[in-house]
Engineer: 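My structure is below; once you've seen it, I'll send some questions.
Remember, predicted model here, so these are calculated numbers, not experimental data.
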Amino acid sequence: MRIRIVDAFTDRPFAGNPAGVVLLDGAFPGDAWLQNVAQEVNHAETAFAHRLPEGGEADWALRWFTPVTEVALCGHATLATAHVLHGTGAHEGPVRFTTRSGVLVATPAGDGSITLDFPTAPLTPAQTPAGLAEALGAEPLTVLDTGPNIDDLLVELADEKTVRALWPDHRALGAHSARGVIATARAEDPAGPYDYVSRCFFPNVGIDEDPVTGSAHTALAPFWSERLGRPDLTGLQASARSGLVRTGLRGERVLLTGSAVTVIDGELLA
């Protein structure tokens with residue numbers, strides 16, 4: 001079967017977040033094989049998808065694995081999978097994925113971008129855990145729980161420079177949430193190409209820093225839309241690879257828009 005590596009939330013190779021994409025001929029194989037492939041690919045996520053019978057609520061079944069575990073929601077690997085489906089002609093128009101987080105829709109646009117329709121993360125104010133500031137390397141202004149789909153702490157920091165300069169203790173950071181920590185701040189230049197910045201640290205699922213995290217933006221979108229008074233924003237994930245995510249808050253749903261580039265197309269032999 002074919003296996004592809006796709007850089008998501010970018011319009012150029014070697015940027016954004018790389019994801020493995022495997023389109024299966026039939027139902028999902030055993031979990032051990034899926035996990036072994038994801039470990040071999042060794043990117044933040046590898047997506048596995050297979051076609052569903054016509055007439056149902058979804059077109060494809062989709063699962064995501066990090067190198068160490070399966071996750072409930074992943075934006076960049078969903079974008080990468082939709083990019084492969086459209087690029088290979090395996091699917092035309094909007095594609096509906098059935099996942100552990102419900103039915104997710106990916107809609108292509110004429111400019112090559114793809115918009116994901118994801119559930120909005122419920123944000124709940126939380127006490128700053130003891131030791132979080134030391135583990136992160138900066139003092140939080142606001143801490144929120146992001147709910148069961150992504151299981152992160154959303155941490156607002158003083159400014160963009162603070163977010164960019166973070167050098168956290170990943171092992172210590174893992175003690176403070178189920179998946180990890182989303183650090184964010186308002187963009188330094190309000191008139192610039194993005195409205196807020198973020199970085200995402202997920203040591204508990206084997207990812208010290210994720211390059212660009214679609215699922216995190218289901219929490220960042222409502223947080224910053226309320227702060228900035230606009231439903232449509234652009235977030236920059238300021239990792240070394242970097243990437244832009246355009247967000248549109250629509251009540252209980254968030255629209256995440258970005259582009260993707262296939263960088264490797266090969267054959268999976270094992």
Side-chain angles (χ1 to χ4, degrees), residues 3-9 16-24 28-50 58 60-84 96-106 116-123 145-154 170 173-183 198-221 237 239 241 243 245 253-254 256 258 260:
I3 184 167
R4 297 166 175 89
I5 305 298
V6 178
D7 290 343
F9 291 114
N17 201 352
V21 177
V22 179
L23 302 184
L24 301 163
F28 294 115
D31 288 3
W33 184 86
L34 297 171
Q35 189 64 72
N36 282 337
V37 173
Q39 186 178 36
E40 189 80 8
V41 172
N42 202 33
H43 286 315
E45 253 88 19
T46 297
F48 302 89
H50 69 80
W60 291 76
L62 178 63
R63 296 172 70 181
W64 314 277
F65 286 76
T66 78
V68 299
T69 191
E70 185 174 9
V71 296
L73 186 66
C74 179
H76 86 278
T78 304
L79 178 62
T81 304
H83 170 78
V84 169
R96 301 168 299 167
F97 295 108
T98 182
T99 75
R100 286 174 58 180
S101 294
V103 175
L104 309 174
V105 181
L116 309 177
D117 184 336
F118 272 30
T120 302
L123 301 180
D145 182 87
T146 61
N149 278 345
I150 56 177
D151 278 334
D152 296 326
L153 285 182
L154 176 62
H170 296 288
L173 207 59
H176 298 297
S177 69
R179 184 173 74 162
V181 171
I182 306 165
S198 65
R199 289 176 66 191
C200 294
F201 308 103
F202 305 137
N204 290 338
V205 293
I207 306 165
D208 283 348
E209 180 168 5
D210 198 31
V212 190
T213 314
S215 61
H217 286 76
T218 67
L220 290 162
Q237 196 151 328
S239 65
R241 291 175 63 102
V245 182
R253 309 295 295 184
V254 173
L256 309 173

Engineer: Can you classify the ring geometry of Phe201 versus His170 as parallel (below 30°), tilted (30 to 60°) or perpendicular (above 60°)?
Structural biologist: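 Geometry flag for His170 against Phe201: tilted rings.
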Engineer: Looking at side-chain heavy atoms only, is the closest gap between Ile150 and Thr218 below 4.5 Å?
Structural biologist: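 Yes; the side chains approach each other to less than 4.5 Å.
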Engineer: Measure the CG-CZ distance between Asp7 and Arg241 for me, rounded to the nearest 0.5 Å.
Structural biologist: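 Those atoms lie 4.5 Å apart.
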Engineer: Tell me whether the NZ or CZ atom of Arg179 lies within the 45° cone about the ring axis of Phe202 and under 6.0 Å from its centre.
Structural biologist: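 Judged by the rule (NZ or CZ under 6.0 Å from the ring centre, within 45° of its axis), Arg179 counts as positioned above Phe202.
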Engineer: Show me the pairs that pass salt bridge (Lys or Arg N to Asp or Glu O under 4.0 Å) and involve residues 198-213, at least two apart or across chains.
Structural biologist: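 Every pair satisfying salt bridge (Lys or Arg N to Asp or Glu O under 4.0 Å) with a residue in residues 198-213: Arg199-Glu209.
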Engineer: Under the criterion side chain to side chain donor-acceptor pair (under 3.5 Å), I'd like the reasoning laid out for Thr78 against Trp64: C-alpha separation, chi angles, the key distance, then a yes or no.
Structural biologist: CA-CA 8 Å; Thr78 304; Trp64 314 277; 3.1 Å; yes
Engineer: Do the side chains of Phe9 and Val245 get nearer than 4.5 Å, heavy atoms only?
Structural biologist: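 In short, these two side chains touch, coming nearer than 4.5 Å.
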Engineer: To the nearest 0.5 Å, tell me how far Thr69 OG1 sits from Gln35 CD.
Structural biologist: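 It comes to 6.0 Å.
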Engineer: Quick check for you: to the nearest 0.5 Å, what is the distance between Leu73 atom CG and Leu104 atom CG?
Structural biologist: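 Reported to 0.5 Å precision, the distance equals 6.5 Å.
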Engineer: Is the shortest heavy-atom distance from the side chain of Val41 to the side chain of Ile3 under 4.5 Å?
Structural biologist: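 Contact flag for Val41/Ile3 side chains = yes.
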Engineer: Which residue, Cys200, Ser198, Ser215, forms the side chain to side chain contact (heavy atoms under 4.5 Å, CB included) with Leu220?
Structural biologist: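 Going through the options one by one, the only one that passes is Ser198.
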Engineer: How about Arg63 and Asp31: do any of their side-chain heavy atoms sit closer than 4.5 Å?
Structural biologist: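 Yes, their side chains come closer than 4.5 Å.
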